[in-house]
Amino acid sequence: PYIPYWLTQTYVWFHYFVSFFIPYNLSADTDLTVITDFTDYRIIIGALFITMYIISIFITSKKKETRIISYGLIWFGASLLPTSVAPFAEVMNDHRMYFAFLGLTISLTSIIYLVLLNREKYFSNSSKLKTLGILAFLIISVHAFGVYKRGKVWDNDQALWKDVTEKSPRNGRGWMNYGLTQMAKG
């Protein structure tokens, strides 16, 4: 029973990593189950992701100035490891990724710092730097809008559990809790 769970976790890690950059389709209670078909595209994507993840750690750990990037990547993996090794009833739960995001934040800010430190190498003129600033502003604005939208979902039980039933339609607990909110309304 461990092997399918572990292989499913490779996809879960990929989902968490992507969610750091594109927090789309978040669910308070997912309906993902253990993937038993080893040829499932999610297992293949997960295995490729883990391979690239490990290679990235080794590459960034070789130079002193990029070791902080590997440290952040290791933080990401180490914080997800406890729920990935010991099988949980809930294969994936989006709240598990937030502590791991500290590691990705360390890595990403280190990359940005290194790029800006060597800006002559990457930005031959100030217009490219301005473009980067505008892009950063747009990304932050889109994420702020996403926070606003998720805040509406978490505003009350009815909105939360309705969102769960829409994003995780095979989740019985989500349907039960949404039903309870409807019963409370009469």
Side-chain angles (χ1 to χ4, degrees), residues 1-50 53 72-109 136-186:
Y2 289 105
I3 302 293
Y5 183 84
W6 293 338
L7 288 174
T8 303
Q9 287 304 304
T10 64
Y11 173 73
V12 170
W13 283 32
F14 172 73
H15 167 78
Y16 292 162
F17 185 84
V18 170
S19 293
F20 178 76
F21 298 98
I22 308 167
Y24 175 75
N25 206 25
L26 300 175
S27 179
D29 199 0
T30 67
D31 60 0
L32 181 68
T33 58
V34 173
I35 303 167
T36 56
D37 179 7
F38 298 157
T39 61
D40 187 294
Y41 77 95
R42 296 170 293 181
I43 298 292
I44 295 167
I45 288 172
L48 288 171
F49 169 74
I50 294 296
Y53 168 76
L73 292 173
I74 291 168
W75 179 308
F76 175 76
S79 60
L80 293 176
L81 214 50
T83 59
S84 299
V85 174
F88 277 54
E90 293 175 330
V91 176
M92 177 172 64
N93 204 317
D94 285 347
H95 73 265
R96 293 181 193 150
M97 67 183 160
Y98 297 115
F99 186 63
F101 282 177
L102 290 173
L104 294 181
T105 302
I106 291 168
S107 293
L108 183 62
T109 54
F137 175 78
L138 289 174
I139 290 170
I140 290 170
S141 298
V142 168
H143 278 81
F145 180 71
V147 168
Y148 169 75
K149 296 296 279 183
R150 283 306 288 170
K152 285 185 170 186
V153 169
W154 284 85
D155 184 49
N156 59 62
D157 286 347
Q158 179 182 344
L160 177 68
W161 292 111
K162 182 174 192 263
D163 183 71
V164 168
T165 61
E166 291 169 351
K167 293 181 178 166
S168 305
R170 294 176 291 142
N171 185 321
R173 181 176 39 233
W175 283 104
M176 180 66 183
N177 284 319
Y178 181 57
L180 290 173
T181 66
Q182 297 306 295
M183 285 175 51
K185 285 174 52 178

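Residue numbers start at 1 and run along the sequence shown.
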Looking at side-chain heavy atoms only, is the closest gap between [X] and [Y] below 4.5 Å?
X	Y	answer
Val91	Gln9	yes
Phe14	Leu48	no
Thr10	Phe49	no
Ser141	Phe145	no

To the nearest 0.5 Å, tell me how far [X] [atom1] sits from [Y] [atom2].
X	Y	atom1	atom2	result
Thr8	Asp40	OG1	CG	8.5 Å
Lys152	Arg150	NZ	CZ	13.0 Å
Leu81	Ile74	CG	CD1	12.0 Å
Trp175	Trp161	CH2	CH2	13.0 Å
Met97	His15	CE	NE2	5.0 Å

If we ignore hydrogens and angles and just use 3.5 Å, is the side chain of [X] paired with the main-chain N or O of [Y] as donor and acceptor?
X	Y	result
Asn156	Ala159	yes
Thr30	Met92	yes
Trp154	Leu160	no
Glu90	Leu32	no
Ser168	Thr165	no
Trp75	Leu104	no
Thr181	Asp157	no
Tyr11	Tyr41	no
Asp29	Asn171	no

Of all heavy-atom pairs between [X] and [Y], which one has the smallest distance, and what is that distance?
X	Y	result
Pro82	Ser79	CD-O, 3.7 Å
Arg96	Phe88	NH2-CD2, 3.5 Å
Tyr16	Asp94	CE2-OD1, 4.0 Å
Val85	Pro87	O-CD, 3.4 Å
Trp13	Ser84	NE1-OG, 2.7 Å

Would you indicate whether Leu138, at its atom CG, is surrounded by more than 12 heavy atoms from other residues, nucleotides or ligands within a distance under 6.0 Å? yes
Taking the six-membered ring for Trp and the full ring for Phe, Tyr or His, determine whether the centres of Phe17 and Phe20 are under 6.0 Å apart. no
With Tyr5, the side-chain contact (heavy atoms from CB on, under 4.5 Å) member among Thr36, Ile35, Val34, Val12: Val34
With salt bridge (charged side-chain N to carboxylate O under 4.0 Å, His left out) as the test, pick out the partner of Asp31 among Lys167, Arg173, Arg170. Arg170
